[in-house]
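Remember, it's 1-based here, ligands and their atoms both numbered in the order they're listed.
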Amino acid sequence: MAAMVEVRGLKKSFTRPDGTPVHAVKGVSFDITKGEIFSLLGPNGAGKSTTIGMISGLVTPSAGEARIGGFSITQQAMAAKALIGVVPQDIALYPQLSPRQNLDFFGRMYGLGGAALNKQIDEVIEFIDLKDRQNDRVDTFSGGMKRRVNIGVGLLHKPQLVYMDEPTVGVDPQSRRRILDTVFRMRDEYNMTVLYTTHLMEESQELSDRVAIIDHGEIIAMGTQVELMAQAGEEDRLVLSVAGQLPAGLVETLARVPGVSRAIAEPTEDGAEESRISVYAKSGRKSLPDVLRAANDAGATISSVAVKEPDLETLFLNLTGRALRD
Ligand SMILES: Nc1ncnc2c1ncn2[C@@H]1O[C@H](COP(=O)(O)OP(=O)(O)O)[C@@H](O)[C@H]1O
Ligand SMILES: [Mg+2]
């Protein structure tokens, strides 16, 4: 299968105003195959937007290179950029204009015009399902509707490759659903290749053919869902929420419960009302009563319990000792 995106050893360091360096991306490499939905999953500040910036030609890499459809993003920028549609994390629209007027403006900026642009705007408006609101001002729209217009702008020039940077942040569940469906339709109806970034494990899990998990500027795991699940292990994870701070010795006590392989305390801030601890066991449900009894005996007040099958969150926690959501 042909690679649509080839990224090799990309790095980006910024310098803060006080002169201290920020190593935002520390040498990432990955390929995205034509026609696949690939997600970059990582917490805030992991380096997702900086990576997108570099592979769309907006941010100059400190080192490494990226090829888009075989074209170098730095040496053959025009040819490479022509293949890419970008849906940026921050909404970039004119609020006083309607979706139609926004699309017209951005279309002209891309060098489109005339009947061809008009036809393309019709198609995009249909695709983002905003036909009945196409002439209303964008500043009267909900967050989810603005997001959809933002997506429309990214699709105007019929790119083969679309980058979507956290497109569901700040939208209601119904709009989120629509946006996720849109991603599938880009792949299935238009044969587009999609790079999707998110800090939400569920989105990544639902959407992606392949996932790269990124943390502190490095890819710490990458593969298909099946490959990553195999890495996550077969054990269930019992997530206990404990009122206040964790009693001393609780982690060790829980790790000794029969059937439990290990326990990891998730770091919480000082003075937090709740602490979390993850307990791994072959059968979560079987071990649960013993775990709760042991926690109780150790002086912990459990406020809630969840039994989770292995997922990307488990893998992230295994690899970093931290929860993905923080
Ligand atoms: N222009 C910039 N100047 C200085 N630091 C930056 C700049 N852009 C991003 N960073 C820093 O780089 C890191 C990665 O940021 P970013 O790529 O936006 O992460 P993400 O999109 O995963 O949340 C963060 O620590 C962020 O503060
Ligand atoms: Mg970002």
Side-chain angles (χ1 to χ4, degrees), residues 5 7-30 32 37-66 68 73-74 81 84-93 143-144 146-148 150-151 153-154 161-171 175-176 179-180 182-183 194-208 210-222 228 267 269 312-313 315-317 319-326:
V5 178
V7 174
R8 295 292 174 271
L10 269 192
K11 289 187 189 176
K12 182 67 188 181
S13 302
F14 296 104
T15 309
R16 288 212 182 86
D18 67 1
T20 54
V22 184
H23 302 295
V25 178
K26 300 174 186 162
V28 300
S29 300
F30 57 89
I32 306 178
I37 300 173
F38 184 92
S39 70
L40 267 182
L41 170 67
N44 280 333
K48 301 181 296 294
S49 295
T50 305
T51 301
I52 294 233
M54 288 192 282
I55 65 177
S56 53
L58 298 171
V59 173
T60 309
S62 307
E65 70 160 352
I68 311 300
I73 193 72
T74 49
K81 283 187 191 176
I84 308 170
V86 183
V87 181
Q89 181 165 359
D90 299 312
I91 289 179
L93 297 171
K146 287 181 189 161
R147 283 272 166 211
R148 273 146 62 198
N150 215 39
I151 292 170
V153 171
L161 170 66
V162 181
Y163 301 151
M164 302 181 83
D165 197 1
E166 304 221 39
T168 59
V169 169
V171 310
S175 298
R176 165 189 302 259
I179 291 171
L180 298 184
T182 302
V183 178
V194 182
L195 170 57
Y196 187 98
T197 83
T198 181
H199 64 282
L200 300 173
M201 177 271 298
E202 296 86 348
E203 285 192 356
S204 194
Q205 197 145 303
E206 177 183 343
L207 281 177
S208 322
R210 283 192 312 131
V211 181
I213 302 180
I214 183 168
D215 187 42
H216 295 308
E218 291 176 296
I219 291 176
I220 57 173
M222 179 159 58
L228 293 177
E269 285 158 32
L312 294 178
E313 180 86 40
L315 179 57
F316 188 85
L317 196 71
L319 293 171
T320 67
R322 303 194 319 279
L324 188 54
R325 280 177 181 283
D326 298 346

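Of all heavy-atom pairs between Val171 and Arg176, the closest is CG2-N, 3.7 Å. Between Ser62 and Lys12 the shortest heavy-atom distance is OG-CA, 3.3 Å. Heavy-atom minimum distance, Asp90 versus Asn150: O-ND2, 4.0 Å. Here the shortest heavy-atom pairing between Ser49 and Asp165 reads OG-OD2, 2.6 Å. Residues Lys146 and Leu93 approach most closely at O-CD1, 3.6 Å, considering heavy atoms. Considering every non-hydrogen atom in both Ala221 and Leu319, the closest pair reads CB-CD1, 3.8 Å.
The distance criterion of under 3.5 Å between nitrogen or oxygen atoms is met by Thr50 with respect to ligand 1. Note: an N/O pair closer than 3.5 Å links Gly45 and ligand 1 by distance alone. Inclusion of Ser49 in the set of residues having an N or O under 3.5 Å from an N or O of ligand 1 is warranted.
Gln89 lies close to the Mg ion (ligand 2), since one of its N, O or S atoms is found at a distance under 2.8 Å. Ser49 lies close to the Mg ion (ligand 2), since one of its N, O or S atoms is found at a distance under 2.8 Å.
In this structure, atom 22 (O) of ligand 1 is in close contact with the protein, since a protein heavy atom lies within 4.0 Å of it. For atom 13 (C) of ligand 1, a protein non-hydrogen atom is found at a distance below 4.0 Å.
Interface atoms of ligand 1 facing Ala46, defined by a heavy-atom separation under 4.0 Å, are 19 (O), 20 (P), 22 (O). Close contacts between ligand 1 and Pro43 involve ligand atoms 22 (O) [criterion: under 4.0 Å to a heavy atom]. Heavy-atom proximity to Asn44, at under 4.0 Å, picks out these atoms of ligand 1: 23 (O).
Ranking the protein heavy atoms by distance from atom 26 (C) of ligand 1 puts Val22 CG1, 4.9 Å first. In terms of protein heavy-atom proximity, atom 9 (C) of ligand 1 is nearest to Phe14 CE1, 3.5 Å. The shortest contact between atom 19 (O) of ligand 1 and any protein heavy atom is with Gly47 N, 3.1 Å.
Met164 CE to Leu180 CG: the interatomic distance, rounded to the nearest 0.5 Å, is 8.5 Å.
At least one donor-acceptor pair closer than 3.5 Å links the side chain of Thr51 to the backbone N or O of Gly47.
Contact of the Ser204 side chain with the Tyr196 side chain is not registered, since no non-hydrogen atoms from C-beta on lie closer than 4.5 Å.
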